[in-house]
Amino acid sequence: MTYYDFFTGRPTAEICQDLLGRALTFEGPQGKLGGYIVEAEAYLGTKDRAAHSYGGRRSQANEGLYRPGGSLYIYSQRQYFFFDVACQEEGEPQGVLVRAIEPVWGIEQMEANRGGKSGVLLTNGPGKMMQALGIDSRKWDLAKLEDSPFAIDLTEQKAAKEIIAAPRIGISQADPAWAKEKLRYYVAGNPYVSDMKKKDYDQGYGWAKV
């Protein structure tokens, strides 16, 4: 399956859930870094008040959302960068924000990239995740996944015991309906999910036993 096929042809919320348990990696000068996706948010385009493309807004800053499914939309807020993948056909600006990964590859290097942070603080948020991967620019914005150092494994997937649908994080309450939409999906009990409480940690990190 190609990235375009994966990121088109079905609802963005469904694509978002299907990313959980898949490996996200970045192959750069520091070697292979990454882990398994445990949390992601869906953004539904021009009708979604929380989306950067709400109302048809289009600029150089959010052009990635308007590209064909499987294109990268990397944006920045303050000093952090965020990893978003366009979904749907070209011109239909929907996307998925990967919020957190369970680190697996290059953990020591990712800890160094995070200034010595370790444990769940390493990658339990979208900005932290990108910092751990060593991303400090929008260099790969607009690139197709297959033409970038990023990769998402579409051939294998860890199975979650349970996937939780919850409201997205940091969404303005100016529109209560969209603020409460359950478009954030995560692996229940995985400690790397951005707001997971210690009391809710699962001993097996939320993965089903094989």
Side-chain angles (χ1 to χ4, degrees), residues 16 19-43 52 61 64 72-85 95-143 145 147-153 156-164 166-171 184-208:
C16 187
L19 284 171
L20 300 180
R22 298 187 182 276
L24 168 64
T25 55
F26 179 78
E27 192 91 43
Q30 298 174 330
K32 183 179 180 178
L33 309 177
Y36 291 105
I37 298 171
V38 296
E39 181 183 16
E41 291 178 336
Y43 289 87
H52 292 172
L72 296 181
Y73 170 44
I74 295 176
Y75 62 96
S76 62
Q77 291 180 355
R78 297 180 293 278
Q79 76 272 33
Y80 291 108
F81 294 85
F82 298 81
F83 182 86
D84 204 305
V85 183
V96 169
L97 170 69
V98 176
R99 286 195 56 89
I101 58 173
E102 178 186 315
V104 176
W105 297 279
I107 291 177
E108 287 187 6
Q109 182 61 57
M110 288 196 286
E111 290 174 347
N113 291 343
R114 287 274 293 130
K117 292 284 196 300
S118 61
V120 297
L121 293 177
L122 183 59
T123 52
N124 67 338
K128 297 174 186 178
M129 180 190 85
M130 288 288 267
Q131 190 177 58
L133 296 178
I135 306 302
D136 58 4
S137 77
R138 297 181 62 207
K139 177 180 179 179
W140 297 106
D141 182 44
L142 306 182
L145 255 172
D147 297 330
S148 80
F150 292 95
I152 295 174
D153 190 345
E156 295 184 8
Q157 183 178 26
K158 288 173 73 81
K161 293 180 190 175
E162 181 184 5
I163 292 175
I164 301 293
R168 293 170 292 187
I169 292 175
I171 304 304
R184 178 171 64 99
Y185 302 94
Y186 63 85
V187 177
N190 190 286
Y192 289 92
V193 171
S194 55
D195 65 346
M196 187 65 61
K197 303 293 188 292
K198 283 187 177 180
K199 64 181 180 63
D200 296 324
Y201 286 3
D202 177 73
Q203 188 173 5
Y205 282 23
W207 305 115

Per-pair distances, 0.1 Å, donor-acceptor, side chain in residues 75-85, under 3.5 Å, sequence neighbours excluded:
residue	atom	partner	partner atom	Å
Asp84	OD1	Val96	N	3.2

Query raised in the report: Roughly how far, to the nearest 0.5 Å, is the CG atom of Leu33 from the CE atom of Met129?
Result: 11.5 Å
Query raised in the report: Among Leu19, Asn124, Ile101, Ile169, whose side-chain contact (heavy atoms from CB on, under 4.5 Å) with Glu39 holds?
Result: Ile169
Query raised in the report: So Tyr186 and Arg99, side-chain contact (heavy atoms from CB on, under 4.5 Å) or not? Walk me through it.
Result: CA-CA 9 Å; Tyr186 63 85; Arg99 286 195 56 89; over 6 Å; no
**Report entry** Reported OG1-to-NZ distance for the pair Thr123 and Lys117, which is rounded to 0.5 angstrom
**Finding:** 13.5 Å
Query raised in the report: With a 4.5 Å heavy-atom cut-off, do Trp140 and Phe26 have their side chains touching?
Result: yes
Report task. Could you tell me whether the side chain of Arg114 and the main chain of Ala132 form a donor-acceptor pair under 3.5 Å? Result -> no
Requested in this report: For side-chain contact (heavy atoms from CB on, under 4.5 Å), just list the numbers for Asn190 and Trp207, CA-CA rounded to whole Å, side-chain angles, deciding distance to a tenth of an Å, and then say yes or no.
Outcome: CA-CA 8 Å; Asn190 190 286; Trp207 305 115; 3.8 Å; yes
Query raised in the report: Got a sec, which residues hit side chain to side chain contact (heavy atoms under 4.5 Å, CB included) with Lys139, two or more places apart in sequence or on another chain?
Result: Ser137
Report summary line: Value for CG (Leu122) from CE (Met110), rounded to nearest 0.5 Å, stands at 5.5 Å
Query raised in the report: Can you name the salt bridge (Lys or Arg N to Asp or Glu O under 4.0 Å) partners of Lys161, sequence neighbours left out?
Result: Asp202
Query raised in the report: With no hydrogens and no angle check, is any side-chain donor or acceptor of Glu162 less than 3.5 Å from a backbone partner on Gly206?
Result: no
Query raised in the report: Among Tyr192, Trp105, Tyr205, whose ring-ring contact (aromatic ring centres under 6.0 Å, His included) with Tyr36 holds?
Result: Trp105
**Report entry** Close side-chain approach of Val120 and Met196, heavy atoms under 4.5 Å
**Finding:** no
Report task. Determine the minimum heavy-atom distance between Ala100 and Gly125, stating which atoms define it. Result -> CB-N, 4.1 Å
Report summary line: Value for CD (Glu108) from CD (Glu111), rounded to nearest 0.5 Å, stands at 7.0 Å
Query raised in the report: Between atom CZ of Arg22 and atom CD1 of Ile37, what is the distance when rounded to the nearest 0.5 Å?
Result: 8.5 Å
Requested in this report: Report yes if some heavy atom in the side chain of Ile164 is under 4.5 Å from a heavy atom in the side chain of Val193; otherwise report no.
Outcome: no
Query raised in the report: Does the Arg138 side chain pair with the main chain of Tyr73, one donor and one acceptor, at a distance under 3.5 Å?
Result: no
Report task. Take Gln30 and Asn113, measure what side-chain contact (heavy atoms from CB on, under 4.5 Å) needs, and give me the verdict at the end. Result -> CA-CA 10 Å; Gln30 298 174 330; Asn113 291 343; 2.8 Å; yes
Query raised in the report: Say you draw a straight line from CG of Leu133 to NZ of Lys128; how long is it, rounded to the nearest 0.5 Å?
Result: 14.0 Å
Report task. May I ask you to test the Phe150-Ile135 pair for a side-chain heavy-atom distance under 4.5 Å? Result -> yes
Query - Validation row: Val187, Lys158 side chains within 4.5 angstrom (heavy atoms) - result: no
Requested in this report: Kindly determine whether Asp195 and Arg184 satisfy side-chain contact (heavy atoms from CB on, under 4.5 Å), including the steps that lead there.
Outcome: CA-CA 12 Å; Asp195 65 346; Arg184 178 171 64 99; 3.2 Å; yes
